[in-house]
Enquirer: 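If you scroll down you'll find the structure; I have some questions about it.
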Amino acid sequence: MNYEAFINEQIEDIRKTVGNGIAINALSGGVDSSVVTVLGHRALGDRVKTFFVDNALMRKDEPAQIVKLFADLKIPVELVDARAEFIQALKGVTDPEKKRQAITDTFYAKVFVRLVKKTTARFLMHGTILTDIEESVAGIKRQHNILSQLGIQPEQAYGYKVLEPLKTLRKDGVREVAARLGLPQSVSQRMPFPGPALAARITGSITEAKLALVRKATTIVEEELADSGAFQYFAVLLEDRATGIRDGKREFGHIIVVRCINSVDARTATITRLPWDKLEQISRRITQLENINRCVYDLTPKPPATIEYV
Ligand code: XMP
């Protein structure tokens with residue numbers, strides 16, 4: 001594959017399609033949306049409006065870091081604080097599919113549709129890749145028709161157009177393009193992170209306190225396993241609790257699961273055989289967090305487990 005030619009073709013295509021119009025895209029910091037952002041800006045300059053939506057579910061400092069990374073590339077990204085809306089939408093929701101639906105609905109039907117109106121954009125750029133399309137067709141992934149998720153009906157949709165410049169690539173191709181566009185390794189080789197973000201890593205209802213806990217545990221796992229070479233590693237906060245002892249007193253505390261897997265394409269995964277010293281070090285640090293008195297390591301491959309917990 002000639003990636004330079006691919007990049008030039010996509011830029012040309014975006015220019016031709018958008019003409020003098022305005023395009024919009026949402027950046028999550030993942031490699032797909034990052035590549036779309038750079039392609040869009042190379043094609044359209046300031047006629048593409050890029051937003052990072054803070055949904056309260058991101059990792060520590062993630063929103064500010066991503067905005068800064070793009071600012072350093074001279075690409076302005078507007079940070080949208082939608083934390084309260086997402087927390088409200090997730091209140092009391094425990095069913096995994098309903099949780100995912102609440103996040104999708106809040107993003108598209110509330111936040112993003114508002115941004116589309118505000119910018120008067122008629123062109124929506126999206127980081128759909130070939131695997132997303134295949135999995136949607138196969139019924140593995142929920143459909144990702146952006147216009148219908150935005151509540152834009154076909155009859156009203158005249159003038160709206162979705163651009164998916166990466167729809168012929170798989171993840172490895174997107175990573176190649178990212179590197180060639182000058183994105184740093186922290187983006188081009190970024191570890192997969194799910195759309196529902198930390199909400200995929202809390203079983204049961206989601207609260208700000210639980211998010212804060214899983215966020216802290218995530219930071220520890222990511223620091224400790226940064227050089228593990230594993231495909232994905234993270235912390236999960238369980239709904240269940242367990243008895244422990246802290247400062248000589250019994251404590252009914254939280255349980256954190258550490259997950260670290262190897263995979264090629266996330267369709268299947270094997271667990272990694274981490275050294276005991278490393279596991280003990282992670283457990284020690286995690287159980288120092290307030291009200292967490294147990295840390296367990298997940299030994300389940302995919303299948304039968306999925307990678308995420310929600
Ligand atoms: P599962 O949990 O299905 O995850 O084994 C497979 C891979 O996909 C990631 N994942 C998602 N990525 N939106 C995404 O963009 C999502 O809703 C989502 N759910 C899971 C997961 O982190 C793993 O790499």
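From a predicted model like this one, the values you see are computed outputs, not experimental measurements.
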Enquirer: Decide whether a cation-pi geometry holds between Arg122 and Tyr160; the criteria are a distance under 6.0 Å from NZ or CZ to the six-membered ring centre and an angle within 45° of the ring axis.
Expert: yes
Enquirer: I'd like to know if Glu251 and Arg246 make a salt bridge, using a cut-off of under 4.0 Å between side-chain N and carboxylate O.
Expert: yes
Enquirer: With a 4.5 Å cut-off on side-chain heavy atoms, are Glu134 and Arg170 touching?
Expert: yes
Enquirer: Any side-chain donor paired with an acceptor under 3.5 Å for Ser33 and Ser28?
Expert: yes
Enquirer: In Å and rounded to the nearest 0.5 Å, what is the SG to NZ distance from Cys260 to Lys278?
Expert: 10.5 Å
Enquirer: Could you check whether any side-chain heavy atom of Leu181 comes within less than 4.5 Å of a side-chain heavy atom of Arg42, counting everything from C-beta outward?
Expert: yes
Enquirer: Going by heavy atoms in the side chains, are Lys167 and Ile129 under 4.5 Å from each other?
Expert: no
Enquirer: Indicate yes or no: does Glu222 engage Arg59 in a salt bridge with an N to O separation below 4.0 Å.
Expert: yes
Enquirer: What I want to find out is whether Arg215 reaches Glu62 closely enough, with some N-O distance under 4.0 Å, to be called a salt bridge.
Expert: no
Enquirer: So, are Glu78 and Lys49 salt-bridged, with charged N and O less than 4.0 Å apart?
Expert: no
Enquirer: Please walk me through it: do Ile256 and Val236 pass side chain to side chain contact (heavy atoms under 4.5 Å, CB included)?
Expert: CA-CA 6 Å; Ile256 287 281; Val236 178; over 6 Å; no
Enquirer: With a 4.5 Å limit on heavy-atom distance, are the side chains of Arg47 and Val18 in contact?
Expert: yes
Enquirer: How far does CG of Leu79 sit from OG1 of Thr50, to the nearest 0.5 angstrom?
Expert: 13.0 Å
Enquirer: Tell me whether Gln149 contacts the main-chain N or O of Thr104 through its side chain, where contact means a donor paired with an acceptor under 3.5 Å.
Expert: no
Enquirer: Do Val111 and Leu90 land in one hydrophobic cluster if side-chain heavy atoms of ILVMFWY residues count as linked below 4.5 Å?
Expert: yes
Enquirer: What do you reckon, is CD of Gln281 surrounded by more than 12 foreign heavy atoms closer than 6.0 Å?
Expert: yes
Enquirer: Look at Lys68 together with Asp72 and state whether they make a salt bridge at an N to O cut-off of under 4.0 Å.
Expert: yes
Enquirer: If hydrophobic clusters are built from ILVMFWY residues whose side chains come within less than 4.5 Å, do Leu274 and Phe231 share one?
Expert: no
Enquirer: So, is the end of the Arg201 side chain (NZ or CZ) under 6.0 Å from the ring centre of Phe234 and within 45° of the ring's axis?
Expert: yes
Enquirer: Heavy-atom count check: over 12 atoms from other residues, nucleotides or ligands less than 6.0 Å from Gln185 CD?
Expert: no
Enquirer: Between CG of Leu130 and CD of Glu135, what distance do you get to the nearest 0.5 Å?
Expert: 10.0 Å
Enquirer: Do NZ/NE/NH1/NH2 and the carboxylate oxygens of Glu308 and Arg259 come within less than 4.0 Å?
Expert: no
Enquirer: Between Arg83 and Asp81, is the closest basic N to carboxylate O distance under 4.0 Å?
Expert: yes
Enquirer: Around atom NZ of Lys161, are there more than 12 heavy atoms of other residues, nucleotides or ligands at under 6.0 Å?
Expert: no
Enquirer: Between atom SG of Cys295 and atom CZ of Arg284, what is the distance when rounded to the nearest 0.5 Å?
Expert: 11.0 Å
Enquirer: Checking salt bridge (Lys or Arg N to Asp or Glu O under 4.0 Å) for the pair Asp247/Lys249: CA distance, chi angles, key distance, verdict?
Expert: CA-CA 5 Å; Asp247 303 328; Lys249 284 202 196 96; over 6 Å; no
Enquirer: Under the 3.5 angstrom rule, does the side chain of Thr270 hit a backbone N or O of Pro301 as a donor-acceptor pair?
Expert: no
Enquirer: Would a hydrophobic clustering, with Ile, Leu, Val, Met, Phe, Trp and Tyr connected at side-chain separations under 4.5 Å, put Ile75 with Leu69?
Expert: yes
Enquirer: Got a salt bridge between Arg180 and Glu176, using NZ or NE/NH1/NH2 to carboxylate O under 4.0 Å?
Expert: yes
Enquirer: Between the side chains of Thr218 and Tyr233, does any donor sit under 3.5 Å from an acceptor?
Expert: no
Enquirer: Looking at Glu280, is its backbone amide N or carbonyl O close enough to the side chain of Ser283 to form a donor-acceptor pair, meaning the two atoms are under 3.5 Å apart?
Expert: no
Enquirer: Hey, could you give me the CD1/CD1 distance between Ile255 and Ile292, rounded to the nearest 0.5 Å?
Expert: 10.5 Å
Enquirer: With the side chain counted from C-beta on, respond yes when Val221 and Ile282 share a heavy-atom pair under 4.5 Å apart, and no when they do not.
Expert: yes
Enquirer: Under 4.5 Å between any side-chain heavy atoms of Val310 and Pro196, yes or no?
Expert: no
Enquirer: Taking side-chain contact (heavy atoms from CB on, under 4.5 Å) as the criterion, tell me which of Leu169, Val177, Thr168 meets it with Met1.
Expert: Leu169
Enquirer: Is it the case that atom CD1 in Ile245 sees more than 12 heavy atoms from other parts of the structure closer than 6.0 Å?
Expert: no
Enquirer: Between the side chains of Glu164 and Thr128, is a donor N or O closer than 3.5 angstrom to an acceptor N or O?
Expert: yes
Enquirer: Measuring from Asp240:CG to Thr203:OG1, what's the distance to the nearest 0.5 Å?
Expert: 8.0 Å
Enquirer: I'd like to check Asn293 versus Thr287 (side-chain heavy atoms, cut-off strictly below 4.5 Å). Are they in contact?
Expert: no
Enquirer: Between Thr106 and Asn55, is any side-chain donor less than 3.5 angstrom from a side-chain acceptor?
Expert: no
Enquirer: Would you say that Asp54 contacts Phe86 through its side chain, given a criterion of any heavy-atom pair below 4.5 Å between the two side chains?
Expert: no
Enquirer: Quick one: does any side-chain atom of Arg15 pair with a main-chain N or O of Ala43 as donor and acceptor, under 3.5 Å?
Expert: yes
Enquirer: Could you go through Leu44 and Ile14, starting from their C-alpha distance and side-chain angles, then the distance that decides it, and tell me whether this counts as side chain to side chain contact (heavy atoms under 4.5 Å, CB included)?
Expert: CA-CA 8 Å; Leu44 305 170; Ile14 295 169; 3.8 Å; yes
